[in-house]
Asks: 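The structure's right below; bear with me while I get my questions together.
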2 protein chains.
Amino acid sequence: MRPAPERRRELLEVAAEVFAAQGYDATTVRRIADAAGLLAGSLYYHFDSKESMLDEILSGFLDDLWSRYDAVLAAGLGPRETLEALVTASFREIDRHRAAVAIYQKESGQLRDQPRFGYLAEAQLRLERAWLRTLESGAASGDFRTDLDVRLTYRFVRDTVWVAASWYRPGGRHSPEETARQYLSMVLDGVALRDRHRRTNKE
Amino acid sequence: MRPAPERRRELLEVAAEVFAAQGYDATTVRRIADAAGLLAGSLYYHFDSKESMLDEILSGFLDDLWSRYDAVLAAGLGPRETLEALVTASFREIDRHRAAVAIYQKESGQLRDQPRFGYLAEAQLRLERAWLRTLESGAASGDFRTDLDVRLTYRFVRDTVWVAASWYRPGGRHSPEETARQYLSMVLDGVALRDRHRRTNKE
DNA sequence: CTCCTTCCCTAACAAGTGTTTGGTAGGTTA
DNA sequence: TAACCTACCAAACACTTGTTAGGGAAGGAG
């Protein structure tokens with residue numbers, strides 16, 4: 001009597017990988033079964049629909065993400081440190097849930113209208129609020145520039161981070177922490193050369 | 001005897017809009033027909049397959065994009081001016097071909113393996129080369145920082161620009177030129193406050 | 001041994017898919 | 001007038017889709 005949840009997680013990982021590579025709608029349930037080494041109908045012993053698999057993948061990822069974000073936001077750091085911590089946490093999440101993040105990026109737009117996936121819209125709103133608060137308090141405290149549209153800045157930071165899931169490969173040249181450091185350096189200081197940059201790359 | 005190509009372009013625009021909103025695979029040919037005000041079978045008088053529509057949309061967009069990029073690259077500008085011109089051209093392209101760009105972003109990954117869409121892979125390669133050359137010569141000339149991984153910088157710039165297609169709406173608050181200016185300001189100088197930024201926002 | 005549970009297979013289902021075929025209303029040309 | 005072309009409709013086609021029902025092999029429990 002093996003522990004069932006293990007097999008379940010195995011299958012979900014396979015499904016996530018295929019969803020991320022082919023897109024949710026383009027992925028047939030038979031293809032997931034092929035990749036997992038069983039037949040299409042057998043998947044329905046573990047899950048009650050293709051949509052349930054997607055649901056479980058996405059909500060699992062979001063739960064994980066929020067537990068990390070909430071920890072950062074509750075730490076009471078300064079705006080700049082909060083931004084750094086959020087970005088770093090995001091890249092760690094991409095490292096762990098690469099497929100789920102890619103799916104979220106691709107399909108979230110068309111899914112959030114569906115009642116079952118309403119939590120995607122809520123999550124996006126919570127995310128936006130958290131980021132806007134951080135950016136605004138950073139502008140007030142003198143950490144960030146004040147001549148930029150805050151909402152534009154938010155989208156800029158958000159997108160630059162999360163699109164990375166489309167090309168990032170775990171175990172590649174850069175660790176999530178190093179990728180985060182370089183991204184933060186670009187987002188905060190820009191790519192143009194200024195006198196400081198010669199050796200100010202704070203470690 | 002009205003000019004046929006006009007109707008053709010009309011239908012392609014409708015199709016592009018639906019593809020962008022729902023995703024290519026999730027879009028049924030009947031839904032396109034609905035949105036265009038005719039029946040599914042009638043589409044096959046104008047196009048010989050659903051795939052052909054997608055092909056025409058994407059290659060049309062890429063042709064347009066390259067004609068603009070080539071003009072910029074042939075102008076012999078300095079690295080920083082080239083980067084600024086490329087980014088501005090990109091946002092103008094997003095303004096004109098928003099739906100096509102969104103489709104390209106979403107589906108290009110799964111399409112480029114298909115022989116018919118091989119030109120997508122070629123285009124991506126040409127784009128990467130053009131950008132890398134610009135970034136490298138900018139690092140050599142002292143315009144850009146040298147302590148960043150060039151390929152990472154490339155992906156950073158590329159992504160930040162093109163993802164904008166997922167939220168940008170023509171006729172919104174910001175014109176493509178103004179959006180480009182703000183993005184360039186963030187990419188080049190960063191979002192962190194430095195002494196200069198109080199009033200150095202050139203113009 | 002028998003019973004039961006877990007996990008999978010075989011085989012089929014109804015619904016929806018992209019596409020084709022034949023026809024036709026209405027305008028243009030001769 | 002008749003012949004023709006454009007742009008569409010109506011109806012069906014073969015196929016794929018997600019999903020279900022019934023059965024069976026393997027192994028632990030009594």
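Since the model is a prediction, treat every value here as computed from it, not as a measurement.
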Asks: Check every atom of D:dC8, D:dG18, C:dG18 against the side chain of B:Lys50 and return the nucleotide holding the closest atom.
Replies: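 Among the listed nucleotides, the one closest to the side chain of B:Lys50 is C:dG18.
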Asks: Quick one: does B:Glu51's side chain get under 4.5 Å of B:Phe117's, heavy atoms only?
Replies: yes
Asks: B:His46 side chain N/O closer than 4.0 Å to the phosphate oxygens (OP1, OP2) of D:dC8?
Replies: yes
Asks: Any idea how B:Phe61 and B:His97 line up, ring-wise: parallel (<30°), tilted (30 to 60°), or perpendicular (>60°)?
Replies: tilted
Asks: Rounded to the nearest angstrom, tell me the gap between atom CG in B:Asp55 and atom P in C:dG18.
Replies: 17 Å
Asks: Which part of the nucleic acid, if any, lies within reach of B:Ser52 when heavy atoms closer than 4.0 Å are counted: base, sugar-phosphate only, or nothing?
Replies: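 Result for B:Ser52 = nothing.
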Asks: Please report, rounded to the nearest Å, how far the P atom of C:dG16 is from the CD atom of B:Gln22.
Replies: 16 Å
Asks: Looking at B:Trp131, I'd like to know if the NZ or CZ of B:Arg158 sits under 6.0 Å from its six-membered ring centre while staying within 45 degrees of the ring's axis.
Replies: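 No cation-pi geometry.
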Asks: Using modelled atom types and a 3.5 Å cut-off, is there a donor and acceptor pairing between side-chain atoms of A:Thr88 and backbone atoms of A:Glu84?
Replies: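 Yes; judged by distance alone, with no hydrogens or angles, the pair exists.
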Asks: OP1 or OP2 of C:dC7 sitting under 4.0 Å from any side-chain N/O of A:Tyr45?
Replies: yes
Asks: Nearest whole Å is fine: how far is D:dA7 C1' from B:Glu6 CD?
Replies: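 In whole Å, D:dA7 C1' lies 14 Å from B:Glu6 CD.
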Asks: Starting at atom CG of B:Asp48, determine the distance to atom P of C:dT21, rounded to an integer number of angstrom.
Replies: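 Rounded to the whole Å, the gap is 13 Å.
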Asks: CD of B:Glu51 versus P of C:dT19: gap in Å, rounded?
Replies: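 Value for this atom pair: 8 Å.
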Asks: Measure from CG on B:Leu11 to P on D:dT6 and round the result to the nearest Å.
Replies: 16 Å
Asks: Is A:Arg31 close enough to D:dT17 that one of its side-chain N or O atoms is under 4.0 Å from OP1 or OP2 there?
Replies: no
Asks: Give the rounded distance in Å between these two atoms: CD1 of A:Ile32 and P of C:dC8.
Replies: 15 Å
Asks: Nearest heavy-atom pair of A:Leu77 and A:Ala85: which atoms, and what distance?
Replies: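 Nearest heavy atoms, A:Leu77 then A:Ala85: CD1-CB, 4.3 Å.
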Asks: Looking at the side chain of A:Arg30, which of D:dT17, D:dA12, D:dC8 is the nearest nucleotide?
Replies: D:dT17
Asks: In whole Å, what is the span from the CZ atom of A:Phe47 to the C1' atom of D:dT20?
Replies: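 The answer, rounded to whole Å, is 17 Å.
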Asks: Give, ordered by number, those residues of residues 35-44 of chain A having at least one heavy-atom distance below 4.0 Å to an atom of DNA chain D; if nothing qualifies, reply none.
Replies: A:Gly41, A:Tyr44
Asks: Check whether any side-chain heavy atom of B:Tyr183 sits under 4.5 Å from a side-chain heavy atom of B:Thr179, and report yes or no.
Replies: yes
Asks: Establish, for the pair B:Lys50 and B:Tyr44, whether the NZ or CZ atom is under 6.0 angstrom from the six-membered ring centre and no further than 45 degrees off its axis.
Replies: no
Asks: Kindly point out which of C:dT6, D:dG18, D:dA7 is positioned nearest to the side chain of A:Thr28?
Replies: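 Taking heavy atoms from C-beta onward, the closest nucleotide is D:dG18.
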